[in-house]
Protein chains: 2
Amino acid sequence: MTAPLRLSWMDVRETIRTRILDRTYAPGDRLPRDEDIAQELGCARTTVHRAMQDLSQMGLVERKRKGGTHVRADPVTRATFDIPITRREVEQQGRKYDYQLISREMEETPIPVMARLGIQQPVPMLHVKALHLADNRPFIFEDRWVDTRSTPGILDVDLQVQSANEWLVHNKPYSRVDVRFYAVIAQGESARYLATSAESALLVIERTTWIGQDPITTVQSVAAPGYQVAAQN
Amino acid sequence: MTAPLRLSWMDVRETIRTRILDRTYAPGDRLPRDEDIAQELGCARTTVHRAMQDLSQMGLVERKRKGGTHVRADPVTRATFDIPITRREVEQQGRKYDYQLISREMEETPIPVMARLGIQQPVPMLHVKALHLADNRPFIFEDRWVDTRSTPGILDVDLQVQSANEWLVHNKPYSRVDVRFYAVIAQGESARYLATSAESALLVIERTTWIGQDPITTVQSVAAPGYQVAAQN
DNA sequence: GACTTTATTAAGTATGCACATATTAATAAT
DNA sequence: ATTATTAATATGTGCATACTTAATAAAGTC
């Protein structure tokens with residue numbers, strides 16, 4: 001057998017993780033110092049540090065200067081979701097992607113949208129409604145507001161051809177995003193465009209993005225019945 | 001002014017990030033080698049590496065050995081969600097937490113549950129239904145299956161007193177988790193226990209956990225109307 | 001030309017060392 | 001007793017260096 005002469009930080013991470021899982025280090029416990037673990041396992045402190053960083057980031061331990069490293073007493077389920085642009089999502093399922101612009105108008109910001117964007121005063125904004133289709137069937141109905149102060153370029157885009165979703169992702173990077181999920185009853189427009197029997201439950205993905213302090217856009221994406229967002233870690 | 005004599009990896013990260021945001025490095029572009037950036041900015045390669053690691057992890061760039069570092073052509077919205085144990089979630093909102101066991105029975109695994117757990121044959125499992133309350137109002141209705149082969153300890157727990165949610169989190173660490181969100185119409189039990197007017201839309205958080213290859217538990221947590229899960233990055 | 005072998009490249013990792021920084025604990029000053 | 005000062009400590013960070021590894025390109029072979 002070829003015992004690796006050097007431990008990689010992932011080996012160290014797995015060693016520590018195992019000890020946490022099997023309660024050698026129980027929830028709330030303080031772990032030995034990085035340096036002691038390094039000595040015990042026979043590697044450099046840097047290597048232990050790297051492993052601990054990872055464990056800390058995945059929420060298994062908490063580290064504090066001088067305080068040391070503790071096993072989290074109240075583990076949380078941590079999951080990372082990647083939300084791709086809709087075209088990509090559809091095409092990756094091997095389905096045909098289509099897109100229809102429903103409406104495009106300048107309007108004053110309504111109160112709830114102001115709240116989402118975190119602004120105090122209504123301003124003229126671009127209000128876009130559109131439908132994304134997969135294999136000719138409704139997939140996602142999006143209701144979007146774009147702040148034309150931060151993103152004037154959107155006004156020159158032919159939204160009949162290219163979705164605001166796509167244009168923004170490719171042309172307007174953001175520095176901060178807020179994502180939330182909730183459920184709504186199909187009704188009014190969303191029910192009509194998603195062609196669902198009324199009274200079905202729909203998942204809404206609401207996203208708001210900023211560049212620095214300035215809001216860019218906020219969108220409610222209402223998914224067709226049966227839609228799920230998933231993450232596995 | 002006191003210009004910092006040394007650049008921190010976060011400074012480097014912000015520099016690179018800014019260049020990506022302002023299209024100095026456009027989507028799809030290949031960035032200079034770590035070493036060249038280090039030289040340009042006047043720091044060690046390690047420091048650039050650390051910064052790049054972070055950018056890579058947040059999905060802004062993609063790195064490949066020999067291939068170099070590229071700005072992601074199709075940025076995805078990446079969001080990390082922390083799902084705490086329900087008690088904690090309620091108490092952090094400053095509300096009173098309560099819990100009621102609804103039922104607890106040994107049953108053969110039904111087909112859909114087998115699919116979630118990834119097992120081929122039905123086995124006797126513990127099927128638990130319970131209700132979490134916030135300020136005496138229904139908060140989350142959970143429908144859970146626990147594999148007693150991997151987790152026999154659950155059989156000795158008085159689930160009248162302690163929720164399976166809590167016991168599992170504190171006593172059964174997992175190595176893999178699958179989380180998904182979707183929407184359902186309130187009906188049957190969930191509607192009854194959540195005390196909603198029928199025909200409202202409810203968010204379901206479905207979680208399945210494994211330890212190594214062995215399934216531990218799968219749970220559908222049906223949240224009361226108005227519930228949202230949120231993450232900001 | 002099609003295939004295999006070899007060299008090159010750029011990121012990935014490990015290490016030792018020095019110093020920075022946040023926190024806690026001990027101590028001195030009021 | 002209370003507050004301010006100082007020391008001790010564990011993690012955080014930066015750097016120089018050497019080596020590893022995956023992917024690619026170039027060279028050589030059939």
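This one's a predicted model, so the numbers in the text were calculated from it and none came from an experiment. Excluded from the calculations below are hydrogen atoms, water molecules and symmetry mates; all remaining heavy atoms, backbone and side chain alike, are included. All chains are named by letter (A, B, ...) in the order of the sequence lines, taking the proteins before the strands, and each is independently numbered beginning at 1.
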Output yes when R137(B) and D135(B) qualify as a salt bridge under the 4.0 Å nitrogen-oxygen rule, no when they do not. no
[N] [atom2] sits how many Å from [X] [atom1], rounded?
X      : N       : atom1 : atom2 : answer
D34(A) : dT15(C) : CG    : P     : 14 Å
Q53(B) : dA11(C) : CD    : P     : 12 Å
D36(A) : dT9(D)  : CG    : P     : 13 Å
W9(A)  : dT15(C) : CH2   : P     : 14 Å
R33(A) : dA8(D)  : CZ    : P     : 15 Å
R45(B) : dG14(D) : CZ    : P     : 16 Å
E35(A) : dA18(C) : CD    : P     : 13 Å
Q39(A) : dG16(C) : CD    : P     : 11 Å

Taking T209(B)'s backbone N and O only, do any of them form a donor-acceptor pair with T217(B)'s side chain (distance below 3.5 Å, no angle check)? no
Using the closest heavy atom to pick a nucleotide of DNA chain C for each, name whichever of R65(B) or T47(A) lands nearer the 5' end. R65(B)
Note: for K66(A) and K66(B) on DNA chain C, the residue whose nearest nucleotide lies more 5' is K66(B)
Show, in sequence, the C-alpha distance, side-chain angles and deciding distance for T218(A) and V113(A), and conclude whether the side chain to side chain contact (heavy atoms under 4.5 Å, CB included) test is met. CA-CA 8 Å; T218(A) 180; V113(A) 173; 3.8 Å; yes
Looking at [N], I'd like to know if its phosphate oxygens (OP1 or OP2) sit under 4.0 Å from a side-chain N or O belonging to [X].
X      : N       : value
H49(A) : dG12(D) : yes
S8(B)  : dG14(D) : yes
T46(B) : dA16(D) : no

Step by step, work out the salt bridge (charged side-chain N to carboxylate O under 4.0 Å, His left out) result for D34(A) and R63(A). CA-CA 11 Å; D34(A) 289 7; R63(A) 314 193 87 203; 2.4 Å; yes
Against E40(B), only a single residue in R33(B), R45(B), R19(B) fulfils salt bridge (Lys or Arg N to Asp or Glu O under 4.0 Å); can you say which? R19(B)
With a non-hydrogen cut-off below 4.0 angstrom, is G68(A) in contact with a base, only sugar-phosphate, or nothing? sugar-phosphate
